[in-house]
Amino acid sequence: MFWLKSLVKLSPTTSSVGNVFRNPESYTLSSRFCTALQHQQQSETVRAAEVVNGVEPHRYDGLAPTKEGEKPRVLVLGSGWAGCRLMKGIDTSIYDVVCVSPRNHMVFTPLLASTCVGTLEFRSVAEPISRIQPAISREPGSYYFLANCSRLDSENHEVHCETVTDESSTLKPWKFKIAYDKLILACGAEASTFGINGVLENATFLREVHHAQEIRRKLLLNLMLSEVPGLGEEEKKRLLHCVVVGGGPTGVEFSGELSDFIMKDVRQRYAHVKDDIRVTLIEARDILSSFDDRLRHYAIKQLNKSGVKLVRGIVKEVKPQKLILDDGTEVPYGLLVWSTGVGPSSFVRSLDFPKDPGGRIGIDEWMRIPSAQDVFAIGDCSGYLESTGKSTLPALAQVAEREGKYLANLLNMMGKAGGGRACSAAGIELGEPFVYKHLGSMATIGRYKALVDLRESKEGKGISMAGFASWFIWRSAYLTRVVSWRNRFYVAINWLTTFVFGRDISRI
C-alpha cells in the first residue's frame, strides 16, 4: 500500500522522534495525553456498562477537595452585586474562584427599567462574569458553572448542585458536587408577593434581563393589537392600560420611563391609539417613602404631569385580565408589572441556619455564619443576627456591593495569613468589622427630571435636590458606575441614539 511505503520511507528518521521524547517538556505533555486518554477510555467503558445495566450515567463527578500545593478554593453562589464585587476583588494569586449561578452575567439593575421601553439595549446592562473576573475563564482551577445549588453540606465542606438547561427537551439536568475551602452565599432574594393569589401567574417582575424583555414584548404586542380592526373599545382600553404595583424607586422609575415612551414615541408612531394608553401606579402607602418629603411631593407632581395616575390601595387578588383592590375596586390591565420589594428565596428558607427577623441568613459583623465554619453570606440573602445588636441593612445595590468588597479584602487578608484553607482560620485576627455608611439615593421620574437625596438617613441632614440638574447627576453617576468601559460605551451610545432618533419599537 502507498501509505505503508511512505511509512517505511519515514522510518529512518525515528532518531528525530527520539529526540522529541528526550525533551522533558514533550515527554510530560505526551504522558499527560496518554493518561487522559486512558481515563477517557475507562469512563466510556463505565458509562457503556451503566447504560447496558439500565443505570442513569453519572455525567459529572464535581470538584474534589483541594490538596496541598493547590490554591484554596473560594466558592461563590450567585452572580448579583455582592457576589460579582467579591469575585472582582478576590486575589486570584491566593485563591481559585468557582462561581455557581443560573445566569452567567451581572445585571446593572439601576438601568434595567430603561431597557423595557427601548431607551437602552439589553446587553448594555449585562456584564459577563468572565469580564468581571477573568481568572474564571483562564485559570485551570477557576470555573463558572451554569447551575443552581440544591443542597448545602457545611460539615463536609461541599455543596450539591444541579445544572440549568432552560427546560430543554433534549438535555436533562444532572447533579454534581463541589468541595470548598471558603463558601460565599450571595444568592440574592426574590420578589415579594405577600401571598397574594395570582401574582406569580399573571404579573411580570422587574429584576432580570428576561423580565425586561418580557415587558417590552408584551407592551409592544398590546400596542400593535390595539390597532387591529374588530377589537372592542373596552378590550382596547384594557390592552393599553399599564399597571405598576409598588411605589419604590423601581416602580417609580419604570412609570417615568413608560410615560416618556408614551409621550415621545407612542404619540408619533401609534397615533391611532395615542389617547387610549394609560399608566397607573398603585402603592399601599406613600411612594418613595425613603426619600425626603419635599422630593416625594415633587415626584408626585411630575408623575401626574406625565399622565401617571397614582392610586393608594392594597392589592387583594390578581386575575388574568384584572386585579382587585382591598376596597373591591377592579382594575383591568393589559400589562402588570409587580415591584413591591424583595424577600428571602426558597433556597434561603430551606437552609438550616439561624435567620434574622426578616427570614434572611443570619450573619455577624464579619459576614460570617456563626454556626457554620468557613461559610459567609452577603447581599440581599443575609441580615444581622439579633445578637449583634445591629438592624438589618436595606436590600440595596450599594449595600451588596460594599459587602462584597469588604469580604474580598477580608478573605485576601486571611489567605495571606495562612487561613485560606478549610478549617484553618482559627486564631487569625479579622480586623475591623463591616460598617455601612449610606451614600444617598437617586431616582429618575421621566421628562429629564430626577431626585437626588444624599442624606445618610431620612431623619439626617444633607443635600437633597430635584429637577434637570438632578437628572444630569443621576445619569453621570450611573454611567461611571457601570462595571466595564465596554458597557459604558454602549450606554452612552444608546442614550445618544435615543435622543436623536427616538426609542427602538421593534418587537424582536
Side-chain angles (χ1 to χ4, degrees), residues 62-79 82-87 89-101 133 135-136 139 141-143 145 147 149-161 176-187 347-348 350-356 360-379 381-385 387-388 400 403-434:
L63 299 181
T66 56
K67 301 175 183 179
E68 287 296 330
E70 297 178 342
K71 289 186 287 187
R73 180 182 300 135
V74 171
L75 174 59
V76 183
L77 301 183
S79 57
C84 286
R85 185 60 186 87
L86 179 136
M87 286 188 284
I90 203 78
D91 188 346
T92 54
S93 67
I94 301 175
Y95 296 102
D96 282 331
V97 181
V98 176
C99 177
V100 173
S101 175
Q133 180 46 266
I136 285 180
E139 297 293 329
S142 297
Y143 303 94
F145 295 131
C149 178
S150 56
R151 188 166 72 87
L152 170 58
D153 185 356
S154 58
E155 291 185 2
N156 294 318
H157 278 63
E158 65 180 15
V159 296
H160 297 244
C161 303
F176 58 95
K177 296 187 293 184
I178 303 176
Y180 63 83
D181 292 290
K182 306 295 180 189
L183 174 64
I184 316 301
L185 300 176
C187 39
F347 173 68
V348 168
S350 70
L351 294 176
D352 190 21
F353 292 140
K355 303 294 197 303
D356 79 337
R360 303 199 281 186
I361 301 170
I363 57 173
D364 64 9
E365 297 94 326
W366 291 271
M367 310 288 119
R368 300 176 301 181
I369 300 176
S371 59
Q373 193 172 16
D374 296 321
V375 182
F376 303 80
I378 53 177
C381 70
S382 65
Y384 287 123
L385 290 167
S387 59
T388 63
E403 285 182 344
K405 181 180 180 180
Y406 169 83
L407 186 53
N409 293 332
L410 178 62
L411 291 175
N412 292 339
M413 183 271 294
M414 292 171 62
K416 292 175 182 177
R421 296 206 172 276
C423 307
S424 65
I428 294 179
E429 181 63 35
L430 298 181
E432 295 294 325
F434 176 74

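Below, all heavy atoms of this structure are taken into account, side chains as well, without hydrogens, waters or symmetry copies.
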E432 side chain reached by W366 side chain, heavy atoms, under 4.5 Å:
no

Test side-chain contact (heavy atoms from CB on, under 4.5 Å) applied to D96 - qualifying residues, sequence neighbours left out
K71, S142

I'd like to know if the side chain of Y95 reaches the main chain of G415, judged simply by a donor and an acceptor atom lying under 3.5 Å from each other, with no hydrogens or angles considered.
yes

Distance from E158 atom CD to L63 atom CG, nearest 0.5 Å?
11.5 Å

Partners of N409 by side chain to side chain donor-acceptor pair (under 3.5 Å), sequence neighbours excluded?
none

Side chain to side chain donor-acceptor pair (under 3.5 Å) partners of T388, counting only residues at least two apart
none

Taking side chain to side chain donor-acceptor pair (under 3.5 Å) as the test, write out the residues that go with D364, two or more places apart.
R368

Could you pull out all residues at least two apart from D91 that satisfy side-chain contact (heavy atoms from CB on, under 4.5 Å)?
S93, I94, N412, K416

Set of residues satisfying side chain to side chain donor-acceptor pair (under 3.5 Å) with respect to T66, sequence neighbours excluded
D181, R421

Distance, nearest 0.5 Å, that separates SG of C187 from CG of L77
6.5 Å

Identified side-chain contact (heavy atoms from CB on, under 4.5 Å) partner of L75 from the options V375, D374, V97, I178:
I178

Do side-chain atoms of Q133 reach the backbone of A135 as a donor and acceptor pair under 3.5 angstrom?
yes

